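Heads up: the structure comes next, in structure tokens.
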Amino acid sequence: MQFLIETIRLGLNDLLLHKLRSFLTALGIILGVAAVITMVSLGEGSKREALEQIERLGARNIILRSTRPADNNQQQSGQQRSWVVRFGITREDVDVIRASMADADLVVPAKSVGSEILRGEKRRVSQAYGTTPDLPKVASLRIAEGRYLNDTDMEERRLVAVIGQSIAKEMFPLDGPIGQTIRIDDRAVEVIGVLKPVGLSGGAGAALVGRDLNYDVHLPMTTVDTVFGDVVARRQSGSFSAEEVQVSELFVVSPTRERVLSDSSRLERLMEVRHPGLTDVTMIVPFELLENARKSALTWNLVLGSIAGISLLVGGIGIMNIMLATITERTREIGVRRALGATRNDVASQFIVETGVLSALGGVVGVGLGLAASLGIGALVPLLPALPVIGSVFPPDVSLPTHVTLWSVVLAFGVATATGVIFGVYPAMKASRQDPIVALRHD
């Protein structure tokens, strides 16, 4: 033990004699460790954000969505046309699914209605949907104020609505929305509740949903069927079109996560029979997307880690290069030590300790730099849009999430230390094999 302590002390003294050279030697390790931690934290942060957004869709959910077939989008140029396009999920489909998948926890429909949502002079394209009180259970919705739809609203076909957070801010900027009215086309509905913000306004979640859920308006399904009907009319550019869709979306909740993929296959076969080719129905399976996202994220982390690991390799080569040069400088010292009784192992141990200490110190500094860079990126990137010159280049909601993982810190530090020791073995063995007589004669 005393020998090891003395060897470490001698190694540190030799490193301190050439502070700048020691720092430059360790710089490759420092930057390599910092690069590994930073790049892995960027990959992990993006992965977690994507996974969280996908999980908000419900890991046990299977989502069916009515999709207008491509052939029905074609229009004759220069002519005004008027037609009703019928497509998508029907009420009969919902009944068949409920009967065929009786073990499903929930089957919740949603139906798009109206072309515009209005209040006074404010208006926007409708994202109003008829649904049931069970929707919050499958879509992770929470009430910020007021209440959600209930069975009484359904039974009495009330003209009431629960609005998203963005609709509340846009339509009611100065007063509380509860008890106020909004119009969906020419129908006035009373606002009974406001949803908490839904974190799917951007990124992977929004891409899957196809819209910002914070602009949704929810009405009782029975009210929608009775008051609004199945046809939604739209007028634009001198033309008129109408779509007849009985159910816009259908959420089927499997009893367990293990059943999701098998249930989705069964549901796909069922819908294939009723909608050959599935040209007007799209299926989204968040759990399958979740697994794919995890696999992609793992691959991404491995790629980023490998690229950053090259820096550690370069740092190790730099250490070996400097240590080989050091041997030439310290040839006479090695000869004196051997003449005074030091064994080859003693000389080799001193050089290995020096490279190990240099790598370990570089690893510690690199860990600190990597942690600071990871935290700094996450905090500073959202501030970029406020910069005077280049701020306009970035979108207002720009973000670059990071998440530092313990394994990346341990791995980067361990690899850095091991790299230094491994690349220090050859110089150490070369130093230990010096002939003491020849070494003493060296100038």
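Only a predicted model underlies this, so the values are computations on that prediction, with no experimental measurement involved.
In summary, D153 and R147 engage in a salt bridge, as defined by a charged side-chain N under 4.0 Å from a carboxylate O. Between E170 and R124 there is a salt bridge, with a side-chain nitrogen of the basic residue lying less than 4.0 Å from a carboxylate oxygen of the acidic one. Ion pairing of D230 with K111 is present here, as a side-chain N (NZ or NE/NH1/NH2) and a carboxylate O approach within less than 4.0 Å.
For E249 (side chain) and A110 (main-chain N/O), no donor-acceptor pair under 3.5 Å exists by modelled atom type. When atom types are taken as modelled, the side chain of T38 and the backbone of A35 share no donor-acceptor pair closer than 3.5 angstrom. Side chain of Q127 to backbone of D212: a donor-acceptor contact under 3.5 angstrom is found. A donor-acceptor contact shorter than 3.5 Å links the side chain of E272 to the backbone of G277. Proximity of a side-chain donor or acceptor of T417 to a complementary backbone N or O of G356 within less than 3.5 Å is not detected. At least one donor-acceptor pair closer than 3.5 Å links the side chain of D185 to the backbone N or O of E116. Although no hydrogens or angles enter the test, the distance criterion places no donor-acceptor pair under 3.5 Å between the side chain of S359 and the main chain of I29. Using a distance-only test at 3.5 Å, with no hydrogens or angles considered, a donor-acceptor pair links the side chain of N214 to the main chain of V198. Formation of a donor-acceptor pair under 3.5 Å by the S41 side chain with backbone atoms of H403 is not found in this model. Side-chain atoms of S248 come within 3.5 Å of backbone N or O of S112 as a donor-acceptor pair.
Judged purely by distance below 3.5 Å, without hydrogens or angles, the side chains of S408 and T405 pair a donor atom with an acceptor atom.
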Exercise. Show your working on side chain to side chain contact (heavy atoms under 4.5 Å, CB included) between L387 and L383 and close with a plain yes or no.
Key: CA-CA 7 Å; L387 296 178; L383 303 178; over 6 Å; no
Quiz prompt | Residue pair M101, V252: steps toward the side chain to side chain contact (heavy atoms under 4.5 Å, CB included) verdict | solution = CA-CA 9 Å; M101 305 187 69; V252 180; 4.3 Å; yes
Practice problem: Any chance you could lay out the side chain to side chain donor-acceptor pair (under 3.5 Å) test for T402 and S374, step after step, and finish with the verdict? | Solution: CA-CA 6 Å; T402 58; S374 300; 5.6 Å; no
Quiz prompt | Derivation of the side chain to side chain donor-acceptor pair (under 3.5 Å) call for D225 and T222 | solution = CA-CA 5 Å; D225 288 339; T222 51; over 6 Å; no
Quiz prompt | Verdict with supporting geometry, V217 and I182, side chain to side chain contact (heavy atoms under 4.5 Å, CB included) | solution = CA-CA 10 Å; V217 174; I182 58 174; 4.3 Å; yes
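Here the options are L141, L106, L149, the test is side chain to side chain contact (heavy atoms under 4.5 Å, CB included), and the partner is L135; only L141 passes. Partner of L369 under the side chain to side chain contact (heavy atoms under 4.5 Å, CB included) criterion, chosen from I37, I30, V33: I30. Across T256, D105, D263, a single residue satisfies side chain to side chain donor-acceptor pair (under 3.5 Å) together with R60, and that is D105.
Going from atom CD1 of I63 over to atom CG of L267 covers 11.5 Å, rounded to the nearest 0.5 Å. Expressed to the nearest 0.5 Å, how far CD1 of I163 lies from CG of L219 amounts to 11.0 Å.
Counting heavy atoms of neighbouring residues, nucleotides and ligands inside a 6.0 Å radius, atom CD of E92 does not exceed 12 of them.
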